[in-house]
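In what follows, a single structure is set out as structure tokens and then discussed.
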Amino acid sequence: MQVRGLGYITIESAKPESWREFGTQVLGAMPAPGLPDDGRVYLKLDERAFRIMIEPGARDRFGVAGWELGGAGALDAAARELESAGVPYKRGTPEQAQARRVGELLMLDDPAGNALELFHTPILEHSRFVSPVGVAGFVTGELGMGHVVLPAAELDAADAFYTGLLGFRPTDVMRVDPAAVPDRDPADGPARLHFYHCNPRHHSLALMEAGHPAGLVHLMLEVSSLDEVGYALDRCAAHGVPLSATLGRHVNDHTVSFYVQTPSGFDVEFGFGGRHVEPGNHTTTEITAVSYWGHRFAGPPAD
Ligand SMILES: [Fe+2]
């Protein structure tokens with residue numbers, strides 16, 4: 001199996017209207033046209049029908065990460081691989097696939113309990129991307145929509161699942177001071193933080209060896225210039241949205257970014273300048289710092 005990128009995410013929220021405001025006025029996503037008025041909030045970043053779906057619910061929590069495969073044949077092959085590996089999954093109904101705006105999907109959990117979906121053939125929506133606050137565009141395409149950092153207390157099993165089954169390759173690893181990681185017992189020593197690529201984006205996935213109450217450490221979205229990051233910082237200030245970390249540059253993907261708190265208890269990293277790797281021709285390294293400069297975290301760090 002070869003996952004090709006992060007296609008979409010879903011979020012359960014008791015405050016979907018807060019997400020509509022945050023997503024369009026702070027992040028600068030476009031309200032997605034042509035989708036049903038069904039109480040969900042759909043945020044569009046590019047030519048996909050949506051990239052972020054917020055479903056009204058009783059609680060605030062990350063939903064699923066949707067990982068894309070190359071086509072129908074790749075999805076059928078993936079189903080066979082899951083079966084032979086003994087990984088339970090469900091095949092989405094045509095209605096569920098239509099709701100995600102994809103051809104078909106499989107639904108499953110990783111060994112750490114994170115819900116994910118594998119899909120093929122996203123249904124495009126070709127209206128011009130027009131951000132309500134003037135964001136020129138988001139860096140997506142073959143790089144996928146960004147990256148997610150998922151909690152994975154069972155890191156070894158999750159690592160084997162994503163690399164051995166889904167085709168992710170390790171980019172780099174880090175050992176994080178347990179005092180800086182929520183839900184990590186310091187007696188257990190440093191928490192491992194592993195970064196993985198599945199396309200030239202430096203990492204589309206990272207796994208943190210810890211739990212997380214919201215089910216997601218952060219989602220990263222990328223824009224195409226430093227000025228877009230600066231304008232986003234100004235929008236956070238104008239809307240009184242709390243930052244989780246100041247502007248900084250990461251040592252591993254070189255992204256210049258800041259972290260902002262979403263209405264659902266996890267962060268969005270908003271950045272630019274992420275470097276690329278060459279899949280199949282990359283040497284995994286261990287990093288020993290989160291950032292060259294900046295990224296002063298209000299709470300625990302979360303690269
Ligand atoms: Fe990140």
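The analysis underlying the following values was restricted to heavy atoms, covering all of them including side chains, and did not include hydrogens, waters or symmetry mates.
Applying the ring-ring contact (aromatic ring centres under 6.0 Å, His included) test to pairs two or more places apart or on separate chains, those with a residue in residues 96-127 are Tyr8-Phe119.
Side-chain contact check for His147 versus His218: some heavy-atom pair is nearer than 4.5 Å. Counting only heavy atoms from C-beta outward, the side chains of Phe258 and Thr246 never approach each other to under 4.5 Å. Side-chain atoms of Pro279 and Arg169, non-hydrogen and from C-beta on, do get closer than 4.5 Å to each other. Side-chain contact between Leu43 and Ile54 is present, with at least one heavy-atom pair separated by less than 4.5 Å. Two residues are said to be in side-chain contact when any heavy atoms from C-beta on lie closer than 4.5 Å; Pro31 and Tyr42 fail this criterion. Contact annotation: the side chain of Ile11 never approaches that of Arg61 to less than 4.5 Å [non-hydrogen atoms, C-beta and beyond]. Counting only heavy atoms from C-beta outward, the side chains of Val149 and Met220 never approach each other to under 4.5 Å. Between Phe50 and Arg101 the shortest side-chain heavy-atom distance falls below 4.5 Å.
Between Lys90 and Asp109 there is no salt bridge, since no side-chain nitrogen of the basic residue lies less than 4.0 Å from a carboxylate oxygen of the acidic one. Salt bridge Arg48/Glu68: present, at least one basic N to carboxylate O contact under 4.0 Å. Ion pair Glu83/Arg80 not flagged as a salt bridge, since none of the NZ, NE, NH1 or NH2 atoms sits closer than 4.0 Å to an Asp/Glu carboxylate oxygen. Ion pairing between a basic and an acidic side chain is recognised when a charged N comes within 4.0 Å of a carboxylate O; Arg192 and Asp156 show such pairing.
For the atom pair OG of Ser204 and OH of Tyr196, the computed distance is 13.0 Å after rounding to the nearest 0.5 Å. One finds the CD atom of Glu104 at 13.5 Å from the CD atom of Glu117 (value rounded to the nearest 0.5 Å). The structure places CE of Met1 at 4.5 Å from CD of Glu81, a figure rounded to the nearest 0.5 Å. Annotation: the span from Leu247 atom CG to Phe270 atom CZ amounts to 12.0 Å, rounded to 0.5 Å. Here the CD-CG distance, from Glu222 to Leu143, works out to 7.0 Å after rounding to the nearest 0.5 Å. Rounded to the nearest 0.5 Å, atoms OG1 (Thr10) and CD1 (Ile52) are 10.5 Å apart.
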(request) Check the pair Leu6 / Leu205 against side-chain contact (heavy atoms from CB on, under 4.5 Å), numbers first and verdict last. (result) CA-CA 8 Å; Leu6 180 62; Leu205 168 71; over 6 Å; no
(request) Kindly indicate, with the supporting measurements, whether the criterion side-chain contact (heavy atoms from CB on, under 4.5 Å) is fulfilled by Gln98 and Glu95. (result) CA-CA 5 Å; Gln98 179 62 18; Glu95 292 74 23; 5.7 Å; no
(request) Evaluate the criterion side-chain contact (heavy atoms from CB on, under 4.5 Å) for residue pair His203 and Asp253; output intermediate values, then yes/no. (result) CA-CA 8 Å; His203 57 283; Asp253 64 2; 3.2 Å; yes
(request) Verify side-chain contact (heavy atoms from CB on, under 4.5 Å) between His194 and Met208, making sure each step is shown before the conclusion. (result) CA-CA 7 Å; His194 288 189; Met208 170 72 92; over 6 Å; no
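In terms of hydrophobic clustering, with Ile, Leu, Val, Met, Phe, Trp and Tyr side chains grouped at heavy-atom distances under 4.5 Å, Val277 and Leu166 are assigned to different clusters. If you chain together hydrophobic residues whose side chains sit under 4.5 Å apart, Leu219 and Phe22 fall into the same group. In the hydrophobic clustering of this structure, Trp67 groups with Leu106; members are Ile, Leu, Val, Met, Phe, Trp, Tyr whose side-chain heavy atoms approach within less than 4.5 Å, directly or through other members. Criterion: ILVMFWY side-chain heavy atoms under 4.5 Å apart, direct or through other members. Under it, Leu27 and Val130 are not part of a common hydrophobic cluster. Residues Phe168 and Val148 share a hydrophobic cluster, clusters being chains of Ile/Leu/Val/Met/Phe/Trp/Tyr side chains in contact below 4.5 Å.
Side-chain atoms of Arg100 never come within 3.5 Å of backbone atoms of Ala97 as a donor-acceptor pair (strictly under, hydrogens ignored). In this structure, Thr255 contributes its side chain and Ser257 its backbone to no donor-acceptor pair below 3.5 Å. Of the possible polar contacts, one joining the Arg184 side chain to the Pro190 backbone as a donor-acceptor pair under 3.5 Å is found. Put simply, the side chain of Asp110 gets close to the backbone of Asn114: a donor and an acceptor are under 3.5 Å apart. In terms of modelled atom types and a separation under 3.5 Å, the side chain of Ser13 and the main chain of Pro56 share no donor-acceptor contact.
Residue Gln261 comes nearest to Leu243 through the heavy atom pair NE2-O, 3.8 Å, listed as atom of the first residue, atom of the second, then distance. Minimum interatomic distance between Arg201 and Val139 (heavy atoms only, all atoms of both residues): NH2-O, 2.9 Å. Contact record, Phe195 with Ala206: CD2-CB, 3.7 Å, taken as the closest heavy-atom pair. Residues Pro263 and Asp60 share a closest heavy-atom pair of O-OD2, 3.4 Å. Smallest separation of non-hydrogen atoms from Ala210 and Pro151: O-CB, 3.2 Å. Across Leu155 and Leu207, no two heavy atoms sit closer than the pair CD1-O, 3.6 Å.
More than 12 heavy atoms of other residues, nucleotides or ligands lie within 6.0 Å of OH in Tyr89, so this atom counts as buried by the packing criterion. Within a 6.0 Å radius of CZ in Arg249, more than 12 heavy atoms belonging to other residues, nucleotides or ligands are found. Shown here is Arg275, whose CZ atom has more than 12 heavy atoms of other residues, nucleotides or ligands within 6.0 Å. The number of heavy atoms from other shown groups lying within 6.0 Å of CZ (Arg296) does not exceed 12.
Between Phe266 and His212, the distance separating the two ring centers is not shorter than 6.0 angstrom.
Judged by distance alone, the side chains of His202 and Thr171 never bring a donor and an acceptor atom under 3.5 Å apart. With no hydrogens or angles considered, no side-chain donor-acceptor pair links His276 and His197 at under 3.5 Å. Side-chain contact, Asp46 with Thr140: a donor N or O sits under 3.5 Å from an acceptor N or O. Side chain to side chain, Glu269 and His295 fail the donor-acceptor criterion of an N or O pair below 3.5 Å. At a cut-off of 3.5 Å, with distance as the only test, no side-chain donor of Ser225 or Asp227 sits close to an acceptor on the other residue.
Looking at residues two or more places apart in sequence or on another chain, you find a side chain to side chain donor-acceptor pair (under 3.5 Å) between Glu125 and Lys44, Ser127.
Below 30°, between 30° and 60°, or above 60°: for Tyr259 and His250 the angle between ring planes is above 60°, a perpendicular geometry.
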